[in-house]
Amino acid sequence: MLRRLILFGFIFLFLLLSGCATVRPWHRESLSDPIMIMDENPIDSGIKQHYLDYREGSVGATGEQSGGCGCG
Amino acid sequence: MNRIFGILLIFTLAVFAADAPQIGQAAPLFQGTALDGKKIELSDFKGKVVLIDFWASWCGPCRQEMPFLIELYRRYGKSPFEIVAVNIDDKLENAKRFMGQLPEEISFTIVQDPKQQIPPKYEIKGMPSSILLDKEGIIRFWHTGFKESNKEDYVSEIDGLLKE
């Protein structure tokens, strides 16, 4: 019984994991749109974040949208 | 029971395994349509050093890279050197709008790939991706992303390949 439960659990987990997909670099056109930023004024925030990154000489860990290219 | 786990594991690994071409291997061949409607095949450029560049107008670093590609082509265009820039914009108008904003017209080959069928052949890791092939069509150098500080690397790599 326990073995069967583990097997079903494993299959269930496998089905859930199969729903995870990696967005390939060439499929990021929509994601790179500023409208994808969860902010009420995404373009303004993007510009502020951009000059903050340059002024502070650091990038990352701030949810910056970058170019959406997986290269940054 | 163990057999079932084994099968599931193999299936999972098979799903995630990617067969990206490596440096030293022959570049995967592709064909496409240039902006002027002409059919292009990668094999057409055999005997030349080729820079394959994957780019899109929605990608910031690609936009930064394009003036440099124009500069490279101006410098090496008379040598056996060709740039094949594969554009993967869903809408070609976006690419054309961006190209219209450039200070110079692009004179190298732009291949349209709105359905993004060519990038999976190379399994590129980011945009832009620039792949340098030698005259035999072998992948020799691979750049992912674009940085101003890497410009000299491109020049020395192309110089080296042209001398071979």
Side-chain angles (χ1 to χ4, degrees), chain A residues 1-39 42-72, chain B residues 1-18 20 30 53-66 86-95 98 113-130 142-147 150:
Chain A
M1 182 64 186
L2 184 65
R3 278 189 159 199
R4 200 169 284 180
L5 263 177
I6 292 172
L7 179 65
F8 278 120
F10 199 91
I11 291 171
F12 182 66
L13 190 69
F14 179 77
L15 288 175
L16 282 182
L17 284 175
S18 65
C20 299
T22 306
V23 182
R24 298 307 185 88
W26 54 91
H27 287 150
R28 292 185 184 164
E29 181 161 359
S30 302
L31 286 175
S32 69
D33 195 309
I35 207 165
M36 296 302 281
I37 307 168
M38 293 179 80
D39 193 300
I43 294 174
D44 183 50
S45 300
I47 293 167
K48 280 181 181 162
Q49 189 58 52
H50 182 71
Y51 70 65
L52 185 71
D53 289 336
Y54 271 82
R55 198 176 60 198
E56 300 294 329
S58 61
V59 178
T62 53
E64 189 193 12
Q65 82 278 15
S66 180
C69 318
C71 45
Chain B
M1 189 72 158
N2 284 341
R3 193 177 292 172
I4 294 171
F5 283 146
I7 291 169
L8 285 175
L9 185 67
I10 289 168
F11 184 70
T12 310
L13 289 175
V15 166
F16 289 103
F30 61 82
D53 186 75
F54 292 96
W55 71 283
S57 66
W58 45 263
C59 153
C62 307
R63 298 171 75 100
Q64 288 173 8
E65 185 194 37
M66 200 49 78
V86 180
N87 175 262
I88 60 164
D89 275 276
D90 286 344
K91 290 177 186 165
L92 187 62
E93 305 93 80
N94 294 339
F98 165 65
D113 186 20
K115 291 185 178 165
Q116 295 102 34
Q117 290 169 328
I118 304 172
K121 289 176 186 274
Y122 286 81
E123 282 292 332
I124 56 169
K125 302 286 185 295
M127 294 273 293
S129 280
S130 309
W142 195 305
H143 295 268
T144 300
F146 176 71
K147 287 179 188 158
N150 289 350

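These numbers come from a predicted model, not from an experiment.
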Looking at every non-hydrogen atom in both residues, tell me the closest pair between A:Trp26 and B:Trp58 and how far apart they are.
O-CZ2, 4.3 Å
For B:Asp89, which atoms come within 4.5 Å of any heavy atom of chain A: side chain, backbone, both, or neither?
both
Nearest heavy-atom approach of A:Pro25 to B:Gly126 is CG-N, 3.6 Å
Find the distance between CD (A:Glu29) and CE (B:Met127) and round it off to the nearest 0.5 Å.
9.0 Å
If I take atom NE2 from residue A:His27 and atom CG from residue B:Asp90, how far apart are they, to the nearest 0.5 angstrom?
8.5 Å
